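Model, not experiment: these values are computed from the prediction. To find a chain, count down the sequence lines: A is the first, B the second, and so on, and within it residues start at 1.
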Amino acid sequence: MTSAYYPQIWQTVLQIPAGKVASYGQIADLAGLPGRARLVGKALGAAPKERPLPWHRVVRSNLQLAFSLGSTEANLQRELLLVEGVIVRGLKVDKAALWTPQLHELLFNLKF
DNA sequence: TAATTGACCCTTT
DNA sequence: CAAAGGGCCAATT
């Protein structure tokens, strides 16, 4: 893990409010890393377990869960989202749950 | 140094 | 709606 990017990716993920979801690409952009969606995935996978990271609020751009249907992680993600009130049909997440961040909020929380 | 990988994305069939 | 092809780029091997 020799990446200085991970921290700011985690920081950005932490800004997703409960009950909302954001896509990998979206996170990458907001973290100041346009085009690095894949890196976000790596960052989440490499995130310390101690860190309370809401990774379940990160989905694919097509609004599908991050994992293949039937996988343990996919089921867990679905559970966690349902608990937060996010509607999940099959692999797809309700589009109404998509996070629409407001610039002033981000600038206040993320200072970089 | 070169090749492979990946919790991805977008457009076109 | 599902599949396919091409692109992307840091991390890892």
Side-chain angles (χ1 to χ4, degrees):
Chain A
M1 182 284 278
T2 37
S3 174
Y5 298 138
Y6 290 5
Q8 60 191 63
I9 289 177
W10 296 330
Q11 250 253 283
T12 304
V13 172
L14 284 171
Q15 307 310 311
I16 308 174
K20 293 287 182 177
V21 299
S23 75
Y24 288 89
Q26 199 176 358
I27 294 301
D29 289 344
L30 295 176
L33 304 167
R36 258 124 295 195
R38 303 187 82 127
L39 187 56
V40 173
K42 285 247 178 180
L44 294 185
K49 198 189 174 204
E50 292 65 39
R51 196 144 191 163
L53 212 56
W55 59 270
H56 56 279
R57 300 192 192 132
V58 183
V59 299
R60 300 191 185 184
S61 65
N62 54 2
L63 287 179
Q64 290 190 17
L65 298 185
F67 307 89
S68 55
L69 180 61
S71 70
T72 306
E73 292 289 31
N75 289 322
L76 175 59
Q77 179 169 35
R78 181 169 53 70
E79 289 294 322
L80 293 171
L81 288 176
L82 288 175
V83 168
E84 295 187 344
V86 177
I87 301 173
V88 182
R89 297 167 315 200
L91 268 184
K92 293 230 171 168
V93 172
D94 180 11
K95 59 189 175 188
L98 187 57
W99 182 38
T100 48
Q102 297 199 355
L103 192 55
H104 65 78
E105 298 176 353
L106 291 177
L107 293 180
F108 182 79
N109 296 307
L110 308 171
K111 309 171 185 173
F112 61 72

Visitor: Between A/Gly35 and A/Lys42, which is nearer to the 5' end of DNA chain C once each is assigned its nearest nucleotide?
Guide: A/Gly35

Visitor: Atom OH of A/Tyr5 to atom C1' of C/dC8: distance rounded to whole Å?
Guide: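 Those two atoms, OH and C1', are 14 Å apart.
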
Visitor: Can you tell me how far P of C/dC9 sits from CD1 of A/Ile9, to the nearest Å?
Guide: 15 Å

Visitor: Is the backbone of A/Trp55 close enough, under 3.5 Å, to the side chain of A/Arg57 for a donor and an acceptor to pair up by distance?
Guide: no

Visitor: Side chain to side chain contact (heavy atoms under 4.5 Å, CB included) between A/Leu33 and A/Gln8: does it pass, once the steps are laid out?
Guide: CA-CA 10 Å; A/Leu33 304 167; A/Gln8 60 191 63; 4.1 Å; yes

Visitor: Grab the CG-C1' distance between A/Leu33 and B/dC8 for me, whole Å please.
Guide: 14 Å

Visitor: Using a strict heavy-atom distance below 4.0 Å, which residues from residues 63-70 of chain A are in contact with DNA chain C?
Guide: none

Visitor: Is there a side-chain contact between A/Val21 and A/Ile16, using heavy atoms and a 4.5 Å cut-off?
Guide: no

Visitor: Could you state the CG-C1' distance from A/Leu44 to B/dT5, rounded to the nearest angstrom?
Guide: 17 Å

Visitor: Distances under 3.5 Å between protein N/O atoms and the N/O atoms of nucleotides 9-13 of chain B, please, pair by pair.
Guide:
unit_1, atom_1, unit_2, atom_2, d
B/dC9, OP1, A/Tyr24, N, 3.4
B/dC9, OP1, A/Gly25, N, 3.0
B/dC9, OP2, A/Ser61, N, 3.0
B/dC10, OP2, A/Ser61, OG, 3.2

Visitor: Figure out the CG/P separation between A/Asp29 and C/dC8, and round it to whole Å.
Guide: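 Going from A/Asp29 (CG) to C/dC8 (P), I get 15 Å.
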
Visitor: What is the distance, to the nearest angstrom, from the CG atom on A/Leu80 to the P atom on B/dA7?
Guide: 19 Å

Visitor: Picking from A/Glu84, A/Glu73, A/Glu79, what satisfies side chain to side chain donor-acceptor pair (under 3.5 Å) with A/His56?
Guide: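 The passing option is A/Glu84.
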
Visitor: Measure OH/A/Tyr6 against C1'/C/dT12 and give the value in whole Å, please.
Guide: 10 Å

Visitor: Let me know which of A/Ile27, A/Leu39, A/Leu53 forms a side chain to side chain contact (heavy atoms under 4.5 Å, CB included) with A/Leu44.
Guide: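 The residue from A/Ile27, A/Leu39, A/Leu53 that satisfies side chain to side chain contact (heavy atoms under 4.5 Å, CB included) with A/Leu44 turns out to be A/Leu53.
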
Visitor: On DNA chain C, nearest-nucleotide positions of A/Lys92 versus A/Leu39: which is more 5'?
Guide: A/Lys92

Visitor: State, with a plain yes or no, whether a side-chain heavy atom of A/Gln26 is found less than 4.5 Å away from one of A/Leu98.
Guide: yes

Visitor: On a heavy-atom basis, which atom in A/Gln77 and which in A/Val59 lie closest, and how many Å separate them?
Guide: NE2-CG1, 4.0 Å

Visitor: Any idea which heavy atoms bring A/Gln11 and A/Gln15 closest together, and the distance?
Guide: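 That closest heavy-atom pairing would be O-NE2, 2.9 Å.
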
Visitor: Sticking with atom P, work out how far C/dG6 lies from B/dA7, rounded to a whole angstrom.
Guide: 23 Å

Visitor: Looking at A/Trp10 and A/Ala43, would you say the former's side chain and the latter's main chain have a donor-acceptor pair under 3.5 Å?
Guide: yes

